[in-house]
**Q** 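My questions all concern the structure below.
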Amino acid sequence: MTFSRREFLTSTATATAGAALGSVPALAAEAPGHKAALPVVIASSNGIRGVKVAWDRIVAGEDTLDAIIAGVNIQELDPDDQSVGLGGLPNADGVVQLDASCMHGPTRRAGSVGCLEDIATPSLVAKAIMDYTDHIMLVGDDARKFAIQMGFKTQNLLTEKSRQDWLRWKARLNPGDAWLNHDDDVKIKFTTGTINMNAVNAGGDVSSVTTTSGMAWKVPGRVGDSPIIGAGQYCDNTVGAAGSTGRGEANIKVCGAFLAVEQMRMGKSPEQALLHVVERVIAMTEKRLLGDNGRPLFDLDFYAIHKDGRFAGVSCYEGGTFAVCDSAGPRVMTSAYLYKASERPRR
Ligand code: ASP
């Protein structure tokens, strides 16, 4: 069962009002949350196939980071997933530019790649940067060159479906421009989408990875939160891991994944840690991105796993989901949230 923060506070207030003489101890109690026997793998809901692959590999003894990267590779290589890798929606110039990062808890290492073109598996490029260089982050053409030197194959990542979506977006960009609108009935997506995956094995080792084609139609060269260590994902082997999907610009400003792990370190459950992160996001949001009711105009989802097997997904708005796999098998679960769906402002 999940609660919004306010429902939780309301129920806590009702239950404790007498004992506390009317004062509500802020977050004195914990929402119930979820807990699994180890190992456990969680991901954004598009990782429903990947969490099973990763879990099977971890049970077979594979390293947690290798296992979750194999999990996200499924989406990266799936031409029908328009939010990641091959088939990802392109930038404003029609070029697919990918971001990814990963962290390996037991060895305390990290790798990251931004604005990578022509290589479908940026998660593996991020890991190669981690494994083979003294650096953490490479970007753009030089990241591409590095990947080719490491043996990665180049390919055109723009599928026909994504190219058609880009053309429709371009045609509708500005009614006064020189592009003719060929399709009045088609709604143009302004999508976000990404895959984040985190795992803990039976020995309590933790890893995390996030990979994305970023915000659709972004300004060329834009780097989102996914390759930013501490924003798109973060892991600390002594605590757990967290990651995010959704509007990267909102997450970067609060270093959301790092903040979540730090909140867990201070004793919060994964769910309470993530609710705190989303509250910080809202507090840091500029006015133009808030509706008249003060609620955000964007979506942002977080996922967190504690090394003891507790885990959670939290979204700005009711309706979010995430994927999990433990010995009970893979399933999609409902995320906790800060605001009811009815509070979402109309654009
Ligand atoms: N977080 C990604 C980014 O901002 C996009 C997404 O998850 O939808 O690049």
Side-chain angles (χ1 to χ4, degrees), residues 42-48 50 72 75-76 78 80-93 95-102 112-117 122-123 125-126 137 139-140 143 157 162 165-166 169 188-198 208-234 241-260 274 277-278 280-281 284-286 289 296-304 313-317 319-323 335:
I42 67 162
S44 44
S45 48
N46 55 348
I48 186 63
V72 301
Q75 296 315 118
E76 289 178 324
D78 181 350
D80 293 327
D81 186 331
Q82 290 184 285
S83 70
V84 192
L86 174 66
L89 289 169
N91 66 18
D93 286 347
V95 176
V96 180
Q97 288 185 327
L98 306 175
D99 295 336
S101 64
C102 63
S112 161
V113 66
C115 255
L116 180 69
E117 295 178 16
S123 61
V125 176
M137 186 173 201
V139 299
L157 301 179
S162 290
D165 281 342
W166 171 71
W169 168 77
I188 294 305
K189 299 179 268 194
F190 185 81
T191 16
T192 52
T194 293
I195 180 166
N196 162 249
M197 195 174 291
N198 313 285
S208 51
V209 63
T210 298
T211 175
T212 189
S213 53
M215 218 180 245
W217 335 129
K218 59 195 174 185
V219 173
R222 178 261 189 188
V223 170
D225 59 332
S226 305
I228 308 295
I229 309 290
Q233 57 78 41
Y234 190 75
S244 175
T245 62
R247 184 179 164 79
E249 280 74 1
N251 180 26
I252 289 171
K253 286 190 294 182
V254 304
C255 304
F258 178 77
L259 181 57
L274 294 182
V277 172
V278 179
R280 291 297 309 142
V281 168
M284 286 294 287
T285 297
E286 55 259 50
L289 294 168
L297 294 167
F298 54 83
D299 284 307
L300 195 55
D301 302 278
F302 287 93
Y303 318 92
V314 167
S315 306
C316 283
Y317 288 105
T321 56
F322 65 104
S335 297

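Atoms within each ligand, like the ligands themselves, are counted from 1 in listed order. Counting from 1, the numbers follow the sequence of the chain as shown.
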**Q** Of all the atoms in ligand 1, which lie at a distance below 4.0 Å from a heavy atom belonging to Met215?
**A**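 Contacts of ligand 1 toward Met215, numbered from 1: 9 (O).
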**Q** Side chain or backbone of Arg222 under 4.0 Å from ligand 1, or both, or neither, by non-hydrogen atoms?
**A**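 Contact part for Arg222 vs ligand 1: side chain (C-beta onward).
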**Q** Can Glu249 and Arg222 be said to form a salt bridge (charged side-chain N to carboxylate O under 4.0 Å, His left out), step by step?
**A** CA-CA 10 Å; Glu249 280 74 1; Arg222 178 261 189 188; 2.7 Å; yes
**Q** Could you tell me which atoms of ligand 1, counted from 1 in the order shown, lie closer than 4.0 angstrom to a heavy atom of Thr245?
**A**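 Near Thr245, meaning under 4.0 Å from one of its heavy atoms, ligand 1 has 7 (O).
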**Q** Would Gly246 count as a polar contact of ligand 1, with the cut-off being nitrogen or oxygen pairs under 3.5 Å?
**A**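 Yes, at least one N or O pair falls under 3.5 Å.
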**Q** Numbering the atoms of ligand 1 from 1, which are under 4.0 Å from a heavy atom of Gly214?
**A**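 Here the atoms of ligand 1 in question are 9 (O).
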**Q** Among Val84, Asp225, Thr212, Asp299, which one puts a heavy atom closest to atom 3 (C) of ligand 1?
**A**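 Residue with the shortest heavy-atom distance to the ligand atom: Asp225.
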**Q** Does an N or O anywhere in Gly224 fall below 3.5 Å from an N or O of ligand 1?
**A**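 Such a contact does not occur with ligand 1.
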**Q** Using only atom types and a distance under 3.5 Å, with no angle test, would you say the side chain of Thr194 pairs donor to acceptor with the backbone of Thr245?
**A**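 Side chain of Thr194 to backbone of Thr245: no pair is present.
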**Q** State, without any angle test, whether Gln75 and Asn46 hold a side-chain donor-acceptor pair at a distance under 3.5 Å.
**A**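 No, no side-chain donor-acceptor contact under 3.5 Å.
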**Q** With the side chain counted from C-beta on, respond yes when Val278 and Tyr317 share a heavy-atom pair under 4.5 Å apart, and no when they do not.
**A**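 No, too far: nothing below the 4.5 Å cut-off.
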**Q** Can you name the side-chain hydrogen bond (donor to acceptor under 3.5 Å, both in side chains) partners of Asp99, sequence neighbours left out?
**A**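 With sequence neighbours excluded, Asp99 shows a side-chain hydrogen bond (donor to acceptor under 3.5 Å, both in side chains) to no residue whatsoever.
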**Q** By ring-ring contact (aromatic ring centres under 6.0 Å, His included), which residues pair with Tyr234, not counting sequence neighbours?
**A**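 Checked Tyr234 against ring-ring contact (aromatic ring centres under 6.0 Å, His included); matches are Phe258.
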**Q** Any N or O of Thr194 that comes nearer than 3.5 Å to an N or O of ligand 1?
**A**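 It does: an N or O of Thr194 is found under 3.5 Å from an N or O of ligand 1.
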